[in-house]
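Heads up, the thing below is written out as C-alpha coordinates.
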Amino acid sequence: MPELPEVETVRQGLNQVTLNQAVMGGEVLLNRTLAYPFSVDEFLQNLTGIAIAQWHRRGKYLLAELVKLDLEKNPGGWLGVHLRMTGQLLWVDQEDPLQKHTRIRLFFAKNRELRFVDQRTFGQMWWVPPDQKISNIITGLNNLGPEPFAAEFSVDYLQDQFKKRQRPIKSALLDQKLVAGVGNIYADEALFLSGISPTTPCTSLTRLQLEALRSHIIQVLEKSIQAGGTTIRNFLNVQGINGNYGGAAWVYNRTGEPCRICETPIERLKLAGRSAHFCPQCQGEGNREWGITNYELRMGNREIR
DNA sequence: CCTGCCACCTGCGGGC
DNA sequence: TGCCCGCAGGTGGCAG
(Lines give C-alpha, C1' and ligand atoms only; values in the text may rest on other atoms or scores of the structure.)
Protein backbone atom coordinates (compact mmCIF):
# COMPACT_ATOMS: atom_id res chain seq x y z
CA MET A 1 0.00 0.00 0.00
CA PRO A 2 2.10 2.82 1.17
CA GLU A 3 4.87 5.06 0.09
CA LEU A 4 5.79 8.30 1.82
CA PRO A 5 2.58 10.21 0.96
CA GLU A 6 0.33 7.41 2.19
CA VAL A 7 2.33 6.98 5.40
CA GLU A 8 2.25 10.75 5.92
CA THR A 9 -1.54 10.76 5.37
CA VAL A 10 -1.92 8.04 8.00
CA ARG A 11 0.36 9.94 10.39
CA GLN A 12 -1.69 13.11 10.14
CA GLY A 13 -4.90 11.16 10.67
CA LEU A 14 -3.50 9.39 13.72
CA ASN A 15 -2.45 12.71 15.25
CA GLN A 16 -6.04 13.89 14.97
CA VAL A 17 -7.67 10.97 16.78
CA THR A 18 -5.29 8.86 18.89
CA LEU A 19 -3.37 11.29 21.13
CA ASN A 20 -3.42 11.46 24.92
CA GLN A 21 -5.79 8.56 25.46
CA ALA A 22 -5.05 5.69 27.82
CA VAL A 23 -4.14 2.32 26.36
CA MET A 24 -6.08 -0.33 28.32
CA GLY A 25 -4.61 -3.43 26.69
CA GLY A 26 -4.53 -5.20 23.39
CA GLU A 27 -4.48 -8.42 21.43
CA VAL A 28 -1.90 -9.92 19.06
CA LEU A 29 -3.59 -12.16 16.49
CA LEU A 30 -0.49 -12.91 14.43
CA ASN A 31 2.70 -13.28 16.43
CA ARG A 32 5.19 -12.54 13.68
CA THR A 33 3.70 -9.08 13.11
CA LEU A 34 5.36 -8.25 16.42
CA ALA A 35 9.02 -7.60 15.65
CA TYR A 36 10.01 -6.52 19.20
CA PRO A 37 9.74 -7.56 21.95
CA PHE A 38 9.34 -11.21 21.03
CA SER A 39 7.01 -11.81 23.95
CA VAL A 40 3.40 -10.77 23.36
CA ASP A 41 2.84 -10.35 27.11
CA GLU A 42 5.82 -8.05 27.44
CA PHE A 43 4.58 -5.97 24.49
CA LEU A 44 1.06 -5.58 25.87
CA GLN A 45 2.17 -5.00 29.46
CA ASN A 46 4.47 -2.19 28.45
CA LEU A 47 1.81 -0.49 26.34
CA THR A 48 -0.89 -0.69 28.99
CA GLY A 49 -1.13 2.51 31.00
CA ILE A 50 0.59 4.67 28.40
CA ALA A 51 -0.71 7.24 25.91
CA ILE A 52 0.53 8.48 22.56
CA ALA A 53 1.94 12.00 22.75
CA GLN A 54 2.69 12.40 19.04
CA TRP A 55 3.07 10.43 15.81
CA HIS A 56 6.25 11.00 13.78
CA ARG A 57 7.39 9.68 10.40
CA ARG A 58 10.83 8.71 9.11
CA GLY A 59 10.80 7.42 5.54
CA LYS A 60 7.97 4.90 5.49
CA TYR A 61 8.18 4.23 9.24
CA LEU A 62 5.56 5.53 11.69
CA LEU A 63 6.92 6.29 15.15
CA ALA A 64 4.62 7.03 18.08
CA GLU A 65 6.18 8.83 21.02
CA LEU A 66 4.73 7.27 24.19
CA VAL A 67 4.18 8.78 27.61
CA LYS A 68 3.34 6.99 30.85
CA LEU A 69 0.11 8.05 32.50
CA ASP A 70 1.65 8.40 35.96
CA LEU A 71 2.05 11.68 37.84
CA GLU A 72 5.47 12.42 36.35
CA LYS A 73 4.38 11.65 32.78
CA ASN A 74 7.60 9.72 32.25
CA PRO A 75 8.69 8.64 28.77
CA GLY A 76 7.01 5.38 27.75
CA GLY A 77 9.32 4.51 24.88
CA TRP A 78 8.16 4.30 21.27
CA LEU A 79 5.71 2.33 19.18
CA GLY A 80 7.06 1.75 15.67
CA VAL A 81 4.96 0.60 12.71
CA HIS A 82 5.92 -0.31 9.15
CA LEU A 83 2.94 -0.95 6.83
CA ARG A 84 5.06 -2.67 4.13
CA MET A 85 2.85 -3.64 1.15
CA THR A 86 -0.68 -3.97 2.55
CA GLY A 87 -0.71 -2.71 6.13
CA GLN A 88 -3.51 -0.44 7.37
CA LEU A 89 -3.92 1.35 10.70
CA LEU A 90 -7.59 1.93 11.44
CA TRP A 91 -9.19 3.89 14.29
CA VAL A 92 -12.35 1.96 15.08
CA ASP A 93 -14.75 0.93 17.88
CA GLN A 94 -13.84 -2.28 19.66
CA GLU A 95 -17.26 -3.66 18.74
CA ASP A 96 -16.66 -3.19 15.00
CA PRO A 97 -16.44 -6.60 13.29
CA LEU A 98 -12.85 -7.75 12.79
CA GLN A 99 -11.44 -7.38 9.30
CA LYS A 100 -10.27 -10.70 7.87
CA HIS A 101 -6.59 -9.78 8.12
CA THR A 102 -6.58 -8.13 11.54
CA ARG A 103 -3.12 -8.72 13.08
CA ILE A 104 -2.78 -6.53 16.18
CA ARG A 105 -5.38 -4.63 18.25
CA LEU A 106 -4.63 -1.89 20.78
CA PHE A 107 -7.54 -1.02 23.08
CA PHE A 108 -7.98 2.58 24.18
CA ALA A 109 -10.30 4.28 26.65
CA LYS A 110 -13.96 4.82 25.71
CA ASN A 111 -14.08 1.61 23.72
CA ARG A 112 -11.87 2.95 20.95
CA GLU A 113 -9.28 0.80 19.19
CA LEU A 114 -6.23 1.18 16.96
CA ARG A 115 -6.41 -1.83 14.66
CA PHE A 116 -3.56 -3.08 12.45
CA VAL A 117 -4.93 -4.91 9.40
CA ASP A 118 -2.47 -6.44 6.94
CA GLN A 119 -3.37 -8.89 4.17
CA ARG A 120 0.12 -9.99 3.18
CA THR A 121 1.57 -10.04 6.70
CA PHE A 122 4.81 -8.23 5.82
CA GLY A 123 3.94 -5.33 8.13
CA GLN A 124 5.62 -5.05 11.52
CA MET A 125 5.28 -3.40 14.92
CA TRP A 126 7.93 -2.66 17.52
CA TRP A 127 7.80 -1.42 21.09
CA VAL A 128 11.02 0.38 21.93
CA PRO A 129 11.87 0.60 25.65
CA PRO A 130 12.51 4.16 26.93
CA ASP A 131 16.15 3.44 27.69
CA GLN A 132 16.91 2.07 24.21
CA LYS A 133 18.04 3.90 21.13
CA ILE A 134 15.20 3.58 18.60
CA SER A 135 17.46 2.49 15.75
CA ASN A 136 18.90 -0.30 17.91
CA ILE A 137 15.46 -1.93 17.96
CA ILE A 138 14.07 -0.78 14.61
CA THR A 139 17.26 -1.48 12.69
CA GLY A 140 15.81 -0.52 9.31
CA LEU A 141 16.06 3.12 10.41
CA ASN A 142 19.83 2.80 10.02
CA ASN A 143 19.40 2.22 6.30
CA LEU A 144 17.54 5.44 5.50
CA GLY A 145 18.95 8.31 3.48
CA PRO A 146 17.73 11.90 3.73
CA GLU A 147 14.05 12.82 3.74
CA PRO A 148 13.14 14.16 0.28
CA PHE A 149 12.00 17.50 1.74
CA ALA A 150 15.24 18.04 3.68
CA ALA A 151 17.88 20.51 2.49
CA GLU A 152 20.36 17.62 2.54
CA PHE A 153 18.53 16.08 -0.45
CA SER A 154 20.19 18.45 -2.91
CA VAL A 155 21.43 18.25 -6.48
CA ASP A 156 24.99 18.25 -5.13
CA TYR A 157 24.09 15.29 -2.92
CA LEU A 158 22.67 13.35 -5.88
CA GLN A 159 25.65 14.15 -8.05
CA ASP A 160 27.97 12.92 -5.31
CA GLN A 161 25.97 9.73 -4.74
CA PHE A 162 25.84 8.93 -8.46
CA LYS A 163 29.53 9.57 -9.21
CA LYS A 164 30.35 5.92 -9.67
CA ARG A 165 27.01 4.17 -9.57
CA GLN A 166 26.38 2.17 -12.70
CA ARG A 167 22.95 0.89 -11.79
CA PRO A 168 19.75 2.14 -13.45
CA ILE A 169 18.25 5.28 -11.92
CA LYS A 170 14.97 3.47 -11.19
CA SER A 171 16.79 0.96 -8.96
CA ALA A 172 18.58 3.79 -7.17
CA LEU A 173 15.32 5.61 -6.42
CA LEU A 174 13.88 2.50 -4.77
CA ASP A 175 16.96 2.28 -2.54
CA GLN A 176 15.90 3.87 0.78
CA LYS A 177 19.53 4.68 1.52
CA LEU A 178 19.61 7.18 -1.36
CA VAL A 179 16.39 8.94 -0.37
CA ALA A 180 13.83 7.79 2.19
CA GLY A 181 10.19 7.24 1.31
CA VAL A 182 10.12 6.97 -2.49
CA GLY A 183 8.55 3.71 -3.72
CA ASN A 184 7.53 2.17 -7.01
CA ILE A 185 4.67 4.52 -7.92
CA TYR A 186 6.36 7.83 -7.23
CA ALA A 187 9.69 6.71 -8.67
CA ASP A 188 7.97 6.01 -12.00
CA GLU A 189 5.99 9.25 -11.83
CA ALA A 190 9.01 11.41 -11.01
CA LEU A 191 11.09 9.83 -13.81
CA PHE A 192 8.30 10.51 -16.31
CA LEU A 193 7.96 14.14 -15.24
CA SER A 194 11.74 14.50 -15.57
CA GLY A 195 11.87 12.92 -19.05
CA ILE A 196 14.36 10.30 -17.84
CA SER A 197 14.31 6.65 -18.88
CA PRO A 198 14.21 4.29 -15.88
CA THR A 199 17.17 2.33 -17.29
CA THR A 200 19.53 5.33 -17.48
CA PRO A 201 22.73 4.56 -15.54
CA CYS A 202 23.09 6.96 -12.59
CA THR A 203 26.55 8.04 -13.73
CA SER A 204 25.31 9.33 -17.06
CA LEU A 205 22.65 11.71 -15.69
CA THR A 206 23.41 15.35 -16.44
CA ARG A 207 23.22 18.11 -13.84
CA LEU A 208 20.11 19.42 -15.59
CA GLN A 209 18.48 16.01 -15.33
CA LEU A 210 19.35 15.74 -11.65
CA GLU A 211 17.79 19.15 -11.03
CA ALA A 212 14.62 18.05 -12.81
CA LEU A 213 14.54 14.74 -10.97
CA ARG A 214 15.03 16.22 -7.50
CA SER A 215 12.33 18.83 -7.94
CA HIS A 216 9.85 16.38 -9.49
CA ILE A 217 10.35 13.85 -6.70
CA ILE A 218 9.46 16.59 -4.22
CA GLN A 219 6.59 17.85 -6.36
CA VAL A 220 4.98 14.46 -6.88
CA LEU A 221 5.21 13.55 -3.19
CA GLU A 222 3.82 16.92 -2.05
CA LYS A 223 0.92 16.75 -4.50
CA SER A 224 0.01 13.28 -3.35
CA ILE A 225 0.13 14.27 0.33
CA GLN A 226 -2.24 17.12 -0.51
CA ALA A 227 -4.56 14.62 -2.21
CA GLY A 228 -4.49 12.29 0.82
CA GLY A 229 -2.38 9.59 -0.84
CA THR A 230 -3.00 7.34 -3.81
CA THR A 231 -6.16 5.34 -4.53
CA ILE A 232 -4.28 2.34 -5.86
CA ARG A 233 -5.62 -0.98 -4.57
CA ASN A 234 -6.18 -1.20 -0.84
CA PHE A 235 -4.83 2.04 0.57
CA LEU A 236 -7.08 3.48 3.28
CA ASN A 237 -6.45 6.29 5.74
CA VAL A 238 -7.24 5.85 9.46
CA GLN A 239 -10.91 6.60 8.85
CA GLY A 240 -11.03 3.94 6.12
CA ILE A 241 -11.22 6.49 3.28
CA ASN A 242 -9.38 6.20 -0.07
CA GLY A 243 -6.82 8.74 -1.21
CA ASN A 244 -7.16 10.70 -4.42
CA TYR A 245 -3.86 10.61 -6.31
CA GLY A 246 -4.10 7.37 -8.34
CA GLY A 247 -6.55 8.64 -10.94
CA ALA A 248 -3.98 11.22 -11.97
CA ALA A 249 -1.01 8.87 -12.49
CA TRP A 250 1.05 9.68 -15.59
CA VAL A 251 2.52 6.22 -16.15
CA TYR A 252 2.15 3.98 -13.10
CA ASN A 253 -0.06 0.96 -13.78
CA ARG A 254 -0.89 2.36 -17.26
CA THR A 255 0.90 -0.25 -19.45
CA GLY A 256 -0.45 -0.10 -23.00
CA GLU A 257 -2.50 3.03 -22.35
CA PRO A 258 -1.65 6.20 -24.31
CA CYS A 259 0.86 8.62 -22.80
CA ARG A 260 -1.04 11.66 -21.50
CA ILE A 261 1.45 13.91 -23.35
CA CYS A 262 2.24 12.19 -26.70
CA GLU A 263 -0.19 9.22 -26.91
CA THR A 264 2.62 6.68 -27.34
CA PRO A 265 1.60 3.49 -25.48
CA ILE A 266 3.13 3.27 -22.00
CA GLU A 267 5.63 0.41 -21.70
CA ARG A 268 6.58 -1.77 -18.77
CA LEU A 269 9.79 -3.59 -17.97
CA LYS A 270 11.33 -5.24 -14.97
CA LEU A 271 14.03 -3.48 -12.98
CA ALA A 272 15.29 -4.43 -9.54
CA GLY A 273 12.53 -7.02 -9.45
CA ARG A 274 9.81 -4.39 -9.80
CA SER A 275 7.71 -3.11 -12.70
CA ALA A 276 8.93 0.13 -14.25
CA HIS A 277 6.31 2.03 -16.29
CA PHE A 278 7.47 4.65 -18.76
CA CYS A 279 6.75 6.46 -22.03
CA PRO A 280 9.43 5.43 -24.58
CA GLN A 281 8.90 8.72 -26.40
CA CYS A 282 8.86 11.26 -23.55
CA GLN A 283 11.54 9.34 -21.64
CA GLY A 284 13.56 8.40 -24.72
CA GLU A 285 17.21 8.86 -25.60
CA GLY A 286 16.69 12.18 -27.37
CA ASN A 287 15.55 13.90 -24.23
CA ARG A 288 18.88 14.40 -22.48
CA GLU A 289 18.64 18.17 -22.69
CA TRP A 290 15.28 18.41 -21.02
CA GLY A 291 15.13 20.10 -17.69
CA ILE A 292 12.38 21.74 -15.72
CA THR A 293 12.06 24.66 -18.10
CA ASN A 294 11.80 22.51 -21.21
CA TYR A 295 9.34 20.22 -19.51
CA GLU A 296 7.06 23.08 -18.46
CA LEU A 297 7.27 24.43 -22.03
CA ARG A 298 6.32 21.08 -23.43
CA MET A 299 3.41 20.86 -21.03
CA GLY A 300 2.18 24.26 -22.12
CA ASN A 301 2.23 23.27 -25.78
CA ARG A 302 0.28 20.06 -25.46
CA GLU A 303 -3.24 19.23 -24.61
CA ILE A 304 -3.29 16.90 -21.61
CA ARG A 305 -5.39 13.81 -22.15
C1' DC B 1 31.55 -2.42 -1.56
C1' DC B 2 27.93 -2.92 -5.22
C1' DT B 3 24.18 -5.19 -7.44
C1' DG B 4 20.63 -8.27 -8.56
C1' DC B 5 17.79 -12.08 -7.04
C1' DC B 6 14.75 -14.27 -4.02
C1' DA B 7 12.00 -14.97 -0.10
C1' DC B 8 8.56 -13.52 2.99
C1' DC B 9 2.63 -13.91 2.37
C1' DT B 10 -2.34 -13.61 0.58
C1' DG B 11 -5.36 -12.74 -3.05
C1' DC B 12 -6.86 -11.46 -7.67
C1' DG B 13 -7.37 -11.57 -12.62
C1' DG B 14 -6.40 -13.65 -17.10
C1' DG B 15 -5.68 -17.60 -20.12
C1' DC B 16 -6.74 -22.21 -21.10
C1' DT C 1 -15.94 -24.25 -12.95
C1' DG C 2 -10.99 -24.80 -11.78
C1' DC C 3 -6.07 -24.78 -12.24
C1' DC C 4 -1.80 -22.37 -13.14
C1' DC C 5 0.73 -18.29 -13.84
C1' DG C 6 2.08 -13.70 -13.01
C1' DC C 7 1.33 -9.78 -10.51
C1' DA C 8 0.80 -6.45 -6.26
C1' DG C 9 2.55 0.02 -2.40
C1' DG C 10 8.58 -3.16 0.63
C1' DT C 11 12.66 -4.71 2.52
C1' DG C 12 16.39 -7.81 4.24
C1' DG C 13 19.60 -11.58 3.48
C1' DC C 14 22.61 -13.76 0.50
C1' DA C 15 25.51 -14.90 -3.53
C1' DG C 16 28.39 -13.47 -7.20
In whole angstrom, give the distance that lies between atom [atom1] of [X] and atom [atom2] of [N].
{"X": "A:L269", "N": "C:dC7", "atom1": "CG", "atom2": "P", "result": "12 Å"}
{"X": "A:R120", "N": "C:dG10", "atom1": "CZ", "atom2": "C1'", "result": "9 Å"}
{"X": "A:R268", "N": "C:dC7", "atom1": "CZ", "atom2": "C1'", "result": "8 Å"}
{"X": "A:I138", "N": "C:dG10", "atom1": "CD1", "atom2": "P", "result": "19 Å"}
{"X": "A:D118", "N": "C:dA8", "atom1": "CG", "atom2": "P", "result": "18 Å"}
{"X": "A:R254", "N": "C:dC7", "atom1": "CZ", "atom2": "C1'", "result": "19 Å"}

Who pairs with A:K164 by side-chain hydrogen bond (donor to acceptor under 3.5 Å, both in side chains), at least two apart in sequence or on another chain?
-> none
Considering residues at least two apart in sequence or located in another chain, which fulfil the side-chain hydrogen bond (donor to acceptor under 3.5 Å, both in side chains) criterion with A:T48?
->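 Scan of A:T48 (side-chain hydrogen bond (donor to acceptor under 3.5 Å, both in side chains), adjacent residues dropped) gives none.
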Contact interval (first through last nucleotide) of DNA chain B with protein chain A, 4.0 Å heavy-atom | B:dC2 to B:dG11
Is the shortest side-chain N/O distance from A:R274 to OP1 or OP2 of C:dG10 below 4.0 Å?
-> yes
Phosphate OP1/OP2 of C:dG10 contacted by A:Q176 side-chain N/O (<4.0 Å) = no
For A:W78, ring-ring contact (aromatic ring centres under 6.0 Å, His included) partners two or more places apart =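 Counting only residues at least two positions away or on another chain, A:W78 forms a ring-ring contact (aromatic ring centres under 6.0 Å, His included) with A:H56.
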Residues forming a ring-ring contact (aromatic ring centres under 6.0 Å, His included) with A:H101, sequence neighbours excluded | none
Do the side-chain N and O atoms of A:Q159 and A:R207 include a donor-acceptor pair separated by under 3.5 angstrom?
->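 Short answer, yes.
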Name the nucleic acid region contacted by [X], choosing base, sugar-phosphate or nothing; use a 4.0 angstrom heavy-atom cut-off, strictly under.
{"X": "A:G273", "value": "nothing"}
{"X": "A:K60", "value": "sugar-phosphate"}
{"X": "A:K100", "value": "sugar-phosphate"}

Listing request: all salt bridge (charged side-chain N to carboxylate O under 4.0 Å, His left out) pairs with a residue in [range], at least two apart in sequence or in separate chains.
{"range": "residues 137-154 of chain A", "result": "A:R57-A:E147, A:R58-A:E147"}
{"range": "residues 24-48 of chain A", "result": "A:E27-A:R105"}
{"range": "residues 114-129 of chain A", "result": "A:E113-A:R115"}
{"range": "residues 131-146 of chain A", "result": "none"}

All N/O contacts under 3.5 Å from nucleotides 12-14 of chain C to the protein, with atom names and distances to one decimal?
{"residue": "C:dG12", "atom": "OP1", "partner": "A:Y61", "partner atom": "OH", "Å": "3.3"}

C:dG6 and B:dC5: how far apart are their P atoms, nearest whole angstrom?
->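 Comparing P positions in C:dG6 and B:dC5 gives a spacing of 16 Å.
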For nucleotides B:dG11 and C:dT11, find the distance between their P atoms and express it as a whole number of Å.
->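 After rounding to an integer number of Å, I get 22 Å for this pair.
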Given that both pair distances must be under 3.5 Å and the pair must be Watson-Crick or G-U, what runs of three or more consecutive pairs involve DNA chain B?
->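 DNA chain B stems, ordered by first number: B:2-8 with C:10-16, B:10-16 with C:2-8.
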Which residue pairs pass the ring pair (Phe, Tyr, Trp, His ring centres under 6.0 Å) test when at least one of the two sits in residues 151-177 of chain A, sequence neighbours left out?
-> none
Is there side-chain contact between A:L62 and A:H82, with at least one heavy-atom pair below 4.5 Å?
-> no
Can any side-chain N or O of A:Q132 pair as donor or acceptor with the backbone N or O of A:I137 at less than 3.5 Å?
->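 No: the side chain of A:Q132 does not pair with the backbone of A:I137.
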